[in-house]
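The shown structure was predicted, so the numbers you read here are calculated from the model rather than taken from an experiment. Numbers restart at 1 for each chain; the letters A, B, ... are given by sequence-line order, proteins then strands.
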Amino acid sequence: VHVTLKPGVLDPQGKAVQGALARLGFTGVDGVRQGKYLEIELGESDPQKAKAQVAEMCRQLLANTVIEDYAIDVGD
Amino acid sequence: VHVTLKPGVLDPQGKAVQGALARLGFTGVDGVRQGKYLEIELGESDPQKAKAQVAEMCRQLLANTVIEDYAIDVGD
Amino acid sequence: MKAAVIVFPGSNCDRDVAVALERVTGFPAKMVWHAETDLAGFDLIVVPGGFAYGDYLRCGAMAAHSPVMREVVSRAQAGAMVLGICNGFQVLTEAGLLPGALMRNAELRFVCRDVTLRVETSDSPFTRRYGQGEVIRIPIAHNEGNYFADEDTLDRLFAEDRVAFRYCSPAGEADGAANPNGSQRNIAGILNERRNVLGLMPHPERMAEPALGGTDGRGLFESLVAALP
Amino acid sequence: METAVNKEQRPVDGVAEGAAADAGDSVPEVVTRHGLTASEYAKILDILGREPNLTELGIFSVMWSEHCSYKSSKKWLRCLPTTGAKVIHGPGENAGAVDIGDGQAVIFKMESHNHPSFIEPYQGAATGVGGILRDVFTMGARPIANLNALRFGSPEHSKTRHLVAGVVAGIGGYGNCVGVPTVGGECTFHRGYDGNILVNAMTVGIAERDRIFLSAASGVGNPIVYVGSKTGRDGIHGATMASAEFSDDSEAKRPTVQVGDPFTEKLLIEACLELMATDAIVAIQDMGAAGLTSSSFEMASKGGLGVELDLDRVPIREEGMSAYEIMLSESQERMLMVLKPGREGVARAVFEKWELDFAIVGRITDSKHMVVRHHGEVVVDVPIDPLAAASPEYDRPWLATRRQPVVAAETVRAVAPIEALKTLLACPDLASKRWIWEQYDHMVMGDTIGRPGGDAAVVRVHGSGKAIAMSTDCTPRYCFADPVEGGRQAVVEAWRNLVAVGAAPLAVTDCLNFGSPEKPEVMGQFAGCLQGMADACRALEFPVVSGNVSFYNETNGVSIPPTPTIGGVGLIEDSERRASIALTADGEALVLIGGDDDDDGWLGQSLYLREICGREEGAPPPVDLVHERRTGDLVRGLIASGEVTACHDLSDGGLLVAVAEMALAGNRGVSLTIGRPGASNLHARLFGESQGRYLVAVAPTRLTALVQRAGRAGVLARVIGTTGGDRLTVGEGQSISLADLRELNQAWLPNYMADAAEAP
Ligand SMILES: Nc1ncnc2c1ncn2[C@@H]1O[C@H](COP(=O)(O)OP(=O)(O)O)[C@@H](O)[C@H]1O
Ligand SMILES: [Mg+2]
């Protein structure tokens, strides 16, 4: 699961990382946005159902939908 | 860039998320690991070079290689 | 004793530690901005608590790459004392001066309160004024104080007598109930191999005068006066 | 933020605005969407002599919003005493300033962030802390302490846990990072806040008296400088949102949530204080509600001048922002300054050192107009004085709250004292709030000598022997039952908490949280509370020097209980001469100071009545301001002369709860000598909430002198127990160990929160 800040929402961490990269001499960095990445192991074997379950988890807990978006990839 | 905790390193956040999911009534969650996800916009147009640059950023700053691994995807 | 306190953008215990240093040792400390690159002549360098660079990305990560940190590393190699408190401890691990890493507290909450610590070794320039095994009360205030290192490193730290402080009960038991943040083996502070670098999560500078609730933190600064010219 | 009372603003006719009055007129829909009424729109046409464009409409809308204009509250705010021998700046500046001697001033203010915190608790609370910090350091003060007064819904409500977790983490996350200790506050729960929690944040700072910075611009041609973070599309129309009632579709208003950046705030504090040490600044104003609009407007308006802004120079975070968006953005961590000519270089160097944005965005003019250019075109041209002068003021209809009958003690069920005590100490309102304050760094800056858990927090004035005492207080159930008594009580409780640590109370800030002013009952509560506050502030010479009004705290038409939070600030001249609630020695006498035998057992609106008997009713305890002052002055004197070893005021839960709190804090038992079986109305004497009382501990050798001294002051002093042991004993055979009591008192909140499901 990727949880990222909605476009337009201030990302203080990304801003600070960008500054730090510049201080380290990395040039050409035009923007940094920081998000969360979660790996969830599920008992569920049906990918469809697993995805639906995780989407529900995102809405209820994993993402703060006021300011964040989420995207789900189902692996194996 | 995905920054994840090395296997074997305890993940207090992942553990807490797992606990919270259980309290919310989600069953069948066997494990949760939480990592970071960074989107970096680069001026560099050569994907090879971009990847090399970002790998260097990871080594120097973005990941703490004592406890973390990183993986880089170059988009467009 | 010539002491420097490094100031990063976001440091916030820089003044506190300077005040305690001067109060206990009588020596004023020099505040050094992170952009400076010359620490020659200082025999004690303090990396203070706070939120350097907001603790964004990882605590201490961005500060560890400040110009001044290269100089801190080289001064440490030259034998100067380096003390990292709280955020300073995180910076020292990120800079590679101390092994391991400080992760999010097991309870995932910031915790600010007095804890009791056991002095695991009085054989260091930072702890010689404490008794071996003495139990002291010092405040902690952190969100990422959960000390992690792999088992080999932990074994080595103990084998080499490099664990300076462990969280313990008031009776001196370093058990799970006394562990405020999930640190492996209740570790609160560690030394480098040469024993001239100490990193610890608790704030001795906050317990250096009776009005603040106690004086158990003074021993650390008194030890340094005794150890330094 | 705007000012509480602006005496310059001429009252306009007292027409009550409201749906009925406006129903007949038709105004463009865009006007209504901006929260402006037909009569207000007519005034705009009149002032401009033409139709406003969208940006101008936005500007009028925010400037005349309840939040910025105080249109419904002004009339009542005027009744508060705001002056005093030590008051340097009362309401009307960013924060109040009071003289503390030695050329120093204490500067403080409280502000609400209720609506944003309900929508996004972490960021809402965090940005609330950020905003109030800026109000204080804008004036040149270094912030030395934060406090927070929190009101949540019933613990059983499904949202409460999530809100508590987020708000506390947000306050801690911001305050801890900027390195200002969060030293106190309050936190209670009631179903009246289920749909509308209160998050009131207070900051206290210290400045040199002769280096206080104000916002009035001067010097035609002087550059206007923008510093801090870049401007994004954050919180556009937050000010009007904060003034609009909640409803279930408030989800739709979500995009206005702002994200706080405490790291940038820390840099901004250091950079501003560094620049303030030079002579470069003429005027400075933080960009709070209504952002660039209200800050630039206010600077010009107070200086009687005009302002010219070039939006192309404003540091922008997102592409393609319109003039409307730039003018109304509420992006955090930004300041506007007027510099002396030629000092731009000095200022730029400071802000660049701290890696903050710095831009010259305009200049002061003598046009008395606000003129804004964007892409080379004039996009705003409004005259300043007429806009300010025509700022609406309403004398809204109000309905006095009906008084409730006095509850006689005889009609209240008596429960065995220890059982009742156990229930009370574990009830949500009295349970220890340690779980909260341990998430706040309350010791950073190295001057916290009175940590949370006592009556008032105490923080030393750095490098001196003086200390500042601070407390936030309000008892909403009293205010609901009787706004006038409740308003008085909120003030006297804050005053008492300061006295109880040995401080001389100086002044107050307030945060007035109420429902919709368009409802006569709510206006009645507001008017009543203000009258009560005014009485008490006058009688105690405890002026109001800053504050904030938050109306429209309702959900689906139901208003919150009236909650005028009082932030009291006091001075301890010698920080060694103070008291704490912790008992320090065995064998001492515990003495009840104040009150009288007839009046000890006021059970109406008490926590005993609510928690034990399930009754929320009756007249609240009356406040006798003369007695209050006499008693407090005596207690302060006793502490100053070192006569007593511990002190605690009596408030929620009454006498036995206060005794228990002192025993727990000092880990020392108490045997009460009142409470022999058969005593009449014992439950009322032990748990009644009569006002004006304190408990002190005194060594036996000093007891007689103390009782005599009290007698001379005309205050009753009654020995009610002795200290010692590890149990709390009431009468024979009724006792409980401190360990058990502590467990009950400490466990409730952590246990409650253990079930929280929060994403870390
Ligand atoms: N939200 C909070 N933040 C910090 N401290 C708090 C908070 N809520 C309560 N406290 C602390 O808990 C103690 C008890 O609070 P309270 O019962 O309101 O005191 P009092 O009855 O004396 O006004 C006080 O020291 C107060 O500062
Ligand atoms: Mg009190």
Side-chain angles (χ1 to χ4, degrees), chain C residues 7-23 33-35 48-57 59 62-63 86-87 103-115 138-144 180 202-214 217, chain D residues 142 165 168-169 171-183 260-271 353-356 434-453 458 460 462-463 465 467 575-576 578 580 750 753-754 756 758-760:
Chain C
V7 184
F8 296 106
S11 293
N12 64 30
C13 303
D14 42 336
R15 186 186 80 181
D16 305 0
V17 74
V19 166
L21 261 173
E22 178 160 5
R23 181 184 295 277
W33 183 238
H34 72 115
F51 288 69
Y53 292 98
D55 273 358
Y56 296 149
L57 189 65
C59 304
M62 296 188 222
C86 196
N87 194 225
M103 322 225 341
R104 192 86 188 267
N105 293 348
E107 303 257 14
L108 302 188
R109 285 194 301 273
F110 188 96
V111 53
C112 175
R113 65 177 162 91
D114 291 352
V115 295
I138 307 267
I140 53 170
H142 59 247
N143 201 24
E144 280 93 1
H203 286 273
E205 78 277 17
R206 296 186 182 186
M207 266 303 178
E209 59 172 313
L212 296 181
Chain D
R142 176 169 288 280
V168 171
I171 291 172
Y174 206 99
N176 298 346
C177 184
V178 296
V180 175
T182 304
V183 296
D261 181 356
F263 171 57
T264 298
E265 179 101 337
K266 167 73 175 165
L267 304 185
L268 197 54
I269 295 176
E270 299 305 331
K353 168 186 163 193
W354 290 99
E355 299 179 28
L356 293 164
R434 175 183 296 277
W435 183 89
I436 296 177
W437 77 66
E438 281 189 354
Q439 293 185 60
Y440 302 152
D441 189 339
H442 49 267
M443 304 180 219
V444 65
M445 295 184 85
D447 283 309
T448 306
I449 55 175
R451 296 187 190 179
V458 185
R460 284 187 304 210
H462 191 70
S575 63
E576 312 260 297
R578 63 196 169 88
S580 98
M753 293 307 296
E758 286 304 314

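Chain C forms more heavy-atom pairs under 4.5 Å with one residue of Gln439(D), Glu355(D), Arg460(D), His442(D) than with any other, namely Gln439(D). Here Cys177(D) is the residue among Gly446(D), Ala169(D), Cys177(D) with the most heavy-atom pairs under 4.5 Å with chain C. Among the candidates Pro9(C), Ser11(C), Gly50(C), Ala141(C), the residue making the largest number of heavy-atom pairs closer than 4.5 Å to chain D is Pro9(C). When each of Ala52(C), Gly54(C), Cys13(C) is checked for heavy-atom pairs under 4.5 Å with chain D, Gly54(C) comes out on top. Note: Asp114(C) leads Asn143(C), Asp114(C), Val19(C) in heavy-atom pairs under 4.5 Å with chain D.
Every salt bridge (Lys or Arg N to Asp or Glu O under 4.0 Å) that Glu265(D) has, sequence neighbours left out, goes to Arg134(D).
With contacts defined as side-chain heavy-atom distances shorter than 4.5 Å, the pair Met445(D)/Asn12(C) does not qualify. Looking at heavy atoms from C-beta onward, His203(C) lies out of side-chain contact with Asp441(D) at the 4.5 angstrom threshold.
If you measure heavy-atom distances from Asp16(C) to chain D, the contacts under 4.5 Å come from the side chain alone. If you measure heavy-atom distances from Val180(D) to chain C, you find no contacts under 4.5 Å at all. There is no contact between Arg434(D) and chain C, counting heavy-atom distances below 4.5 Å. With a 4.5 angstrom heavy-atom cutoff, Arg15(C) touches chain D only via side-chain atoms. Interface remark: Ile449(D) contributes backbone and side-chain atoms alike to the contact with chain C (heavy atom separation under 4.5 Å). Contacts between Tyr56(C) and chain D at a heavy-atom distance below 4.5 Å involve the side chain alone, from C-beta outward. Within the 4.5 angstrom heavy-atom criterion, no atom of Glu107(C) approaches chain D.
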Practice problem: Verify side chain to side chain contact (heavy atoms under 4.5 Å, CB included) between Val444(D) and Arg206(C), making sure each step is shown before the conclusion. | Solution: CA-CA 8 Å; Val444(D) 65; Arg206(C) 296 186 182 186; 3.5 Å; yes
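With values rounded to the nearest 0.5 angstrom, Ile140(C) atom CD1 is found 9.0 Å from Met443(D) atom CE. Atom-to-atom distance recorded for Cys112(C):SG and Arg451(D):CZ is 7.5 Å, nearest 0.5 angstrom.
Put simply, the side chain of Asp55(C) never gets that close to the backbone of Phe263(D): no donor and acceptor are under 3.5 Å apart.
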